[in-house]
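Notes follow once the structure below has been shown.
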Protein chains: 2
Amino acid sequence: MSLPRAKLVKNFPGCPVEATLTYLDGKWKGVILFHLMEGTLRFNELRRKLPAVTQRMLTKQLRELEESGLVSRTVYPVVPPRVEYAMTPLGMTLKPVIQALAAWGDDYVFCSPEGRELRLASDGLRAPVAALKA
Amino acid sequence: MSLPRAKLVKNFPGCPVEATLTYLDGKWKGVILFHLMEGTLRFNELRRKLPAVTQRMLTKQLRELEESGLVSRTVYPVVPPRVEYAMTPLGMTLKPVIQALAAWGDDYVFCSPEGRELRLASDGLRAPVAALKA
DNA sequence: GTACGTAGTACCCAAAAGGATACTGTAAAA
DNA sequence: TTTTACAGTATCCTTTTGGGTACTACGTAC
């Protein structure tokens, strides 16, 4: 439809940040995009990369990503079935975003040794504070 | 506790991307951070910037951001009450992330003229495709 | 003396998100 | 002949998230 690229986003009940987060929202979308950035994957390949996800959830998240146009789904009519998931060109434009998210996570988020709990580098952000000046 | 900055994140049931998203997750956190990046705001100032948020939700989201250590809350014991919210140094490290999210939102997310519905620039990403090669 | 602005809480409810489990059909491998 | 891998669905249930409304206290302005 060749919409004029009017930044109608300004009317969004929030801001461009929220707008983007809308598409990344969902428990597994971040990881999925992260892995697909590296290359096409089959359904069960993805599943193995996300040990904790259930089949149902993986399917759901992939369908949503597909509907957004960020990920493509290609079915090969063979048996056993072969379905490949890949980033679309539009999806690839998210690369800088995913990289920014990953970089921050690497620098500031830790798992407590015991379990699954996350924690921020709140202990004064010793080393990281340098990055602040840069 | 001066944890060695071991990247325990590698054990996270997802990846650094998910880890970061964990902290941005919540219907209003993105917008709040976006606005606080520009400077300290009082509770009702924020509220005016987010016409659609309810008092209860704004409070909740702010408390969560405070608990993460991304935002600080300063109470001035005067009457009427005065409470100021500001980014912490740790919160400020999110700036590149917020900027990346905002940039992508600006470029690729549109509101349909009618209403509140979001849509991606899926019509072939005409202009944006150039950015892909860069 | 009533209303207003400030920064919230408390309580209840609806909707959405996520999870557990079981089931499908085909072909090749064991 | 049973099992395995593949890529899912279907059904049900629990948890989380978000929203609506009413209430608070205090001091000032009208």
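Numbers restart at 1 for each chain; the letters A, B, ... are given by sequence-line order, proteins then strands. Side-chain atoms are counted along with the backbone in the values below, which use heavy atoms only and exclude waters and symmetry mates.
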To the nearest angstrom, how far is [X] atom [atom1] from [N] atom [atom2]?
{"X": "A:Glu18", "N": "D:dG18", "atom1": "CD", "atom2": "C1'", "result": "13 Å"}
{"X": "B:Leu58", "N": "D:dT21", "atom1": "CG", "atom2": "P", "result": "18 Å"}
{"X": "A:Asp25", "N": "C:dA17", "atom1": "CG", "atom2": "P", "result": "8 Å"}
{"X": "A:Glu45", "N": "D:dG8", "atom1": "CD", "atom2": "C1'", "result": "16 Å"}
{"X": "A:Lys60", "N": "C:dA17", "atom1": "NZ", "atom2": "P", "result": "7 Å"}
{"X": "A:Arg63", "N": "D:dA7", "atom1": "CZ", "atom2": "P", "result": "12 Å"}
{"X": "A:Leu62", "N": "C:dG18", "atom1": "CG", "atom2": "P", "result": "13 Å"}
{"X": "B:Met57", "N": "C:dA14", "atom1": "CE", "atom2": "P", "result": "16 Å"}

Please determine if a side-chain N or O atom of [X] lies less than 4.0 Å away from the OP1 or OP2 oxygen of [N].
{"X": "A:Arg48", "N": "D:dA7", "answer": "no"}
{"X": "A:Arg56", "N": "C:dT21", "answer": "no"}
{"X": "A:Trp28", "N": "C:dG19", "answer": "yes"}
{"X": "A:Arg47", "N": "D:dG8", "answer": "no"}
{"X": "A:Lys27", "N": "C:dG19", "answer": "yes"}
{"X": "B:Arg82", "N": "D:dG27", "answer": "no"}
{"X": "A:Gln55", "N": "C:dA22", "answer": "no"}

Checklist line | Value rounded to 0.5 Å, distance of CD in A:Glu18 from NZ in B:Lys29 | finding: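 Rounded to the nearest 0.5 Å, the CD-NZ separation comes to 10.5 Å.
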
Next item on the list: Quick one: label A:Val79 by what it contacts on the DNA or RNA (base, sugar-phosphate, nothing), any heavy atom closer than 4.0 Å.
Entry: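 Base contact - A:Val79 has a heavy atom under 4.0 Å of at least one base atom.
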
Check: Under 4.0 angstrom, heavy atoms only, what part of the nucleic acid is A:Tyr76 near: base, sugar-phosphate, or nothing?
Finding: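 No contact at all - A:Tyr76 keeps every heavy atom at 4.0 Å or more from the nucleic acid.
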
Which of the following nucleotides, [options], is nearest to the side chain of [X]?
{"X": "A:Asn44", "options": "C:dG8, D:dG27, D:dC6", "result": "D:dC6"}
{"X": "B:Gln61", "options": "D:dG8, C:dA7, D:dG18", "result": "D:dG18"}
{"X": "B:Pro80", "options": "D:dC6, D:dG8, C:dG5", "result": "C:dG5"}

Notebook entry, point to check: Is any side-chain N of the basic residue among A:Glu84 and A:Arg73 closer than 4.0 Å to the acidic one's carboxylate O?
Noted result: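 Salt bridge: no.
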
Item checked: A:Trp28 side chain reached by A:Leu62 side chain, heavy atoms, under 4.5 Å ->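 The answer is no; the side chains never approach within 4.5 Å.
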
Next item on the list: Please lay out, stage by stage, how A:Leu70 and A:Tyr23 fare under the test side-chain contact (heavy atoms from CB on, under 4.5 Å).
Entry: CA-CA 9 Å; A:Leu70 299 174; A:Tyr23 291 96; 4.2 Å; yes

Notebook entry, point to check: Between B:Tyr85 and B:Tyr76, is there a shared hydrophobic cluster once you connect ILVMFWY residues whose side-chain heavy atoms come closer than 4.5 Å?
Noted result: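 Unlinked, B:Tyr85 and B:Tyr76 end up in two clusters.
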
Note to self: Let me spell it out: for each of A:Pro81 and A:Val53, pick the nucleotide of DNA chain C with the closest heavy atom. Which residue's pick is nearer the 5' end?
What the structure shows: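 Comparing both residues, the 5'-ward one is A:Val53.
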
Check: Between A:Lys60 and A:Arg56, is there a donor-acceptor pair closer than 3.5 Å when you use the side chain of the first and the backbone of the second?
Finding: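 Checked: no pair found.
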
